[in-house]
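One structure is given here, and the rest of the page talks about it.
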Amino acid sequence: MNYSASPLAIVIFIAIIGTVLGISYHFARKTKSAEGYYAAGGNIHWSVNGIAFAGDYLSAASFLGICGMIAVYGYDGFLYSIGYLAGWVVALFVVAEPMKRLGKYTFADALDAKFQSKGIQLMAAVSTLLVSVFYLIPQMVGAGTLVTPLLGLPHEAGVLLVGIVVIVIVATAGMASTTYVQFLKGSLLIIFSLVLVFLVLSRGISTSPDQGGNVEYHQFQTIGVTSLTEDAAVIEDTSYEVIGQIRVKDFVFVKLSKDGIESIWKYDEVNSVLSETQNIATLKDGTQLYNGEPKENGKFYQVGHLSEIAGQTDTATKGTMNLLTFTETIKEGTVIRWGTISAIDGDMKVDIYYQIPTAGTDVISPGLKYKVDSEKGALPKDKIDFISLMIALFLGTAALPHILIRYYTVKSPAAARKSTIVAICTIGLFYVLTLYMGLGAMTNGVIDLTNSNMSAPLLAKSFGISIFAIISAIAFATVLGTVSGLIVAASGAVAHDLMDRFFNMKLTEKKKVAAGKITAVIVGCIAIVLGILFKSMNVSFLVGWAFAVAASANLPAIVMILFWKKTTAKGVIASISVGLVASLGIILLSQETFDQVYHLVNVTAPMPISNPAIISVPISFITLVVVSLLTRKKSVPQPTITDASAIESV
Amino acid sequence: MIHGPAVEWKDDKTVVKKTRMGIIMVSIYILVYAVFVTLNVVNPKLMKMDIGSLNLAIVYGFGLILLAVVQAVIYNHYCTRLEDKAEAEDAAGHDDSNGGEMV
């Protein structure tokens, strides 16, 4: 679809960016020491830190990715909300206070507190860098996604803009500014998500959602088929001329022409009808046609509606609703979802988007993205993939470096615990809202089929440019804040863990801060490049990978150091290494990566699953146990966190 | 450069009890979460079962979010009470020793 900038959107956007930079400038003047740069001096109040946790965590993946996935797949997108929130239980009950007790600036500090091992310092730093970069990719993709409708700029400009602003933020003030940016953005995100859900419920649901009367909803047509063979098709509407067929996999598409405009229709053999699709044709010279016309003509429509409400299929509307009646209406209706398939037609590549009428009961139940029902063709590997994803989401949160370093910004272990509880309450509320924002986008005719990540901002746009500008600017600040946190974590890994500790470069406070800032610039540049390369992928899906890598590489080491006395330094090193290699190996050799990253057509990947946690997490745990047992004779048994008296000597 | 803990570490007598409570809490949550994931895989049709205006899938999902919040509040209450009690005992012990010197 076409996007154009509005002056109001630009003004609000600049105001938010200006505020963020103002906060950075304010704290830059106060940040002179390494502790100030990496841990905000440990002086953040737990309530502020709790909201900042929410700010860190409710990243582009949550706001853009989850809402987009719910808008396209219904309940399966909400599974991410459930898994992301569940992960905080591990963070609170297992990790929060011990991390605060054991560490100073980075997650490596805590891991290494008992061993003083060069190997742990190196591997923890490498793991932090890799997880941070994996997590950075979807944030940058989200930034590019947002800036297009907000400012009318291309994706690449958005990525570049975020990269530059974040580098300025992090390279000037570090963790203090990042914390207050996150606090501001986390608060605004919750408030305006509540507003958006209120507006969705107020508007109600219609079979012809016209965005509050502002945009006429395109009525997708069907045409009766008299006969259809591989060579010819005869249709009832004679105003169309049949010009060909596209057969791909089990699908039959018929190409029609009317007034010189070509269109593609999907053949429904059961009902003998053609249903209208949308398509993007890429010609040999690279020119793209949207539904047979240039993009500027605006003939590629936003979608998302119910074809049946309370048994009525004609124009039906249901007015203001509450949380219960909204889901009930969807449950009892039929939602038109959209599938996509690519085909080669002569010397053109055609991406065809076709309608999938889906019962409301299926929309608010699992199974539309993740195949779990054997009766619908789910294979054991599909089920394992689903379980693996849920494991990664559950275990990944407590092992994310940019979340872990936030425990060092408060004064005490009790404050770390309390800030985690504030985070759980705030994040829990937001994730409940994601279901309604996602379903709202699904039924309000706002989905851009070429980019599901835009669903929530476009839902806001359907209520007016002001709310859209505010929501988009907050989402942009969301990306800024999360990327800032990730870059602080990455720069800590390089400057503190590697340069200062591993290479023993004996940096002064000033040099350590300078090294962190230089690293921030380099990591920021890498993030910009990756954000452009991974443009088309769903951000929540990408974050799922970051969680899997964190859960596999970091969590086994954290848990075993805290709770198993026989853990040795070599066991920890081996566990992190194996966790990293196993999780990355599975991801890089999975079908999803083959299809969406390498763009290999009709190539079967060697790994049957895409989510590695179900294999890589146990392997990492087992490696730690085996190596620790094999190397323990040379080591003195170490105390665990439960040995209160022993911790004093840590 | 000092790489030790970010806070001045004092002997926290409450650590063992807090850790035990944390493990109990996380175990309960893991159990409920595992049942949720298992139901999705083994009997996805059950997740479509109507529960009022909603269905089991949504109610269970909201329930998991709510359970996390409730457990967090209970855990914090428990830990805070332990810490306050330990602090009071420390203060009492400190007063006693001072008192002893005075006598």
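In what follows, chains carry the letters A, B, and so on, assigned in the order in which the sequence lines appear, proteins first and then strands, with residues in each chain numbered from 1.
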Fill in: Separation of B:Leu46 CG from A:Ser365 OG (nearest 0.5 Å)
10.5 Å
Item to complete: Pick one of side chain, backbone, both or neither for B:Thr80, based on which atoms fall under 4.5 Å of a heavy atom in chain A.
Response: both
Worksheet item: If you count heavy-atom pairs under 4.5 Å between each of B:Val69, B:Ile58, B:Leu67 and chain A, which one has the most?
Response: B:Ile58
Discussion item. Shorter than 4.5 Å, heavy atoms on both sides: which option in A:Ile427, A:Asp373, A:Leu429, A:Ile330 has the most such pairs with chain B?
Written reply: A:Asp373
Discussion item. I'd like to know whether OH of B:Tyr33 has more than 12 heavy-atom contacts from other residues, nucleotides or ligands below 6.0 angstrom.
Written reply: yes
Worksheet entry | Pair B:Phe36 + A:Phe394: ring centers closer than 6.0 Å | no
Fill in: A:Ala86 to B:Tyr29 - nearest heavy-atom pair and separation
CB-CE2, 3.5 Å
Worksheet item: Does any non-hydrogen side-chain atom of B:Ile23 lie less than 4.5 Å from one of A:Phe93?
Response: no
Worksheet item: Rounded to the nearest 0.5 Å, how far does CG of B:Asn76 lie from CG of A:Leu92?
Response: 8.0 Å
Practice prompt. For residues B:Leu64 and A:Leu85, determine if any side-chain heavy atom of one lies less than 4.5 Å from a side-chain heavy atom of the other.
Written response: no
Discussion item. I'd like to know whether NZ of A:Lys331 has more than 12 heavy-atom contacts from other residues, nucleotides or ligands below 6.0 angstrom.
Written reply: yes
Worksheet item: Closest heavy-atom contact between A:Val89 and B:Gln71?
Response: CG1-OE1, 4.4 Å
Response to the item:
The reported gap from CG in A:Asp76 to CG in B:Asn40 (rounded to nearest 0.5 angstrom) is 8.0 Å
Worksheet item: Between atom CD of A:Glu375 and atom NZ of B:Lys45, what is the distance when rounded to the nearest 0.5 Å?
Response: 3.0 Å
Practice prompt. Check whether the side chains of A:Thr361 and B:Asn55 place a donor and an acceptor atom closer than 3.5 Å, and report yes or no.
Written response: no
Item to complete: Measure B:Lys17 against the heavy atoms of chain A and call it side chain, backbone, both or neither at under 4.5 Å.
Response: neither
Discussion item. For the interface with chain B, which of A:Val372, A:Thr325, A:Thr327 has the highest count of heavy-atom pairs at distances below 4.5 Å?
Written reply: A:Val372
Worksheet item: For chain B, which of A:Ile364, A:Ile424, A:Thr420 has the most heavy-atom pairs under 4.5 Å?
Response: A:Ile364
Practice prompt. Report the option among A:Val94, A:Leu324, A:Thr329 that has the most heavy-atom pairs separated by less than 4.5 Å from atoms of chain B.
Written response: A:Leu324
Worksheet item: Taking C-beta and beyond as the side chain, do A:Asp362 and B:Lys48 meet within less than 4.5 Å on heavy atoms?
Response: yes
Item to complete: Please look at A:Lys371 and chain B and tell me whether the side chain, the backbone, both or neither of the residue comes under 4.5 angstrom of a heavy atom of that chain.
Response: neither
Item to complete: Might you work through the side chain to side chain contact (heavy atoms under 4.5 Å, CB included) test for A:Phe563 and B:Thr19, ending with a clear yes or no?
Response: CA-CA 10 Å; A:Phe563 297 105; B:Thr19 305; 3.3 Å; yes
Discussion item. Shorter than 4.5 Å, heavy atoms on both sides: which option in B:Leu66, B:Val73, B:Asp50, B:Leu56 has the most such pairs with chain A?
Written reply: B:Asp50
Worksheet item: Which atoms of A:Val432 come close to chain B, meaning under 4.5 Å heavy atom to heavy atom: side chain ones, backbone ones, both, or neither?
Response: both
Worksheet item: Relative to chain B, which segment of A:Leu435 carries a heavy atom at a distance below 4.5 Å: side chain, backbone, both, or neither?
Response: side chain
Fill in: Interatomic spacing from OG in B:Ser53 to CE in A:Met321 - rounded to 0.5 Å
11.5 Å
Practice prompt. Give, as side chain, backbone, both or neither, the part of A:Leu79 having an atom under 4.5 angstrom from any heavy atom of chain B.
Written response: side chain
Worksheet item: Just wondering, do B:Phe62 and A:Phe78 contact through their side chains at under 4.5 Å, heavy atoms?
Response: yes
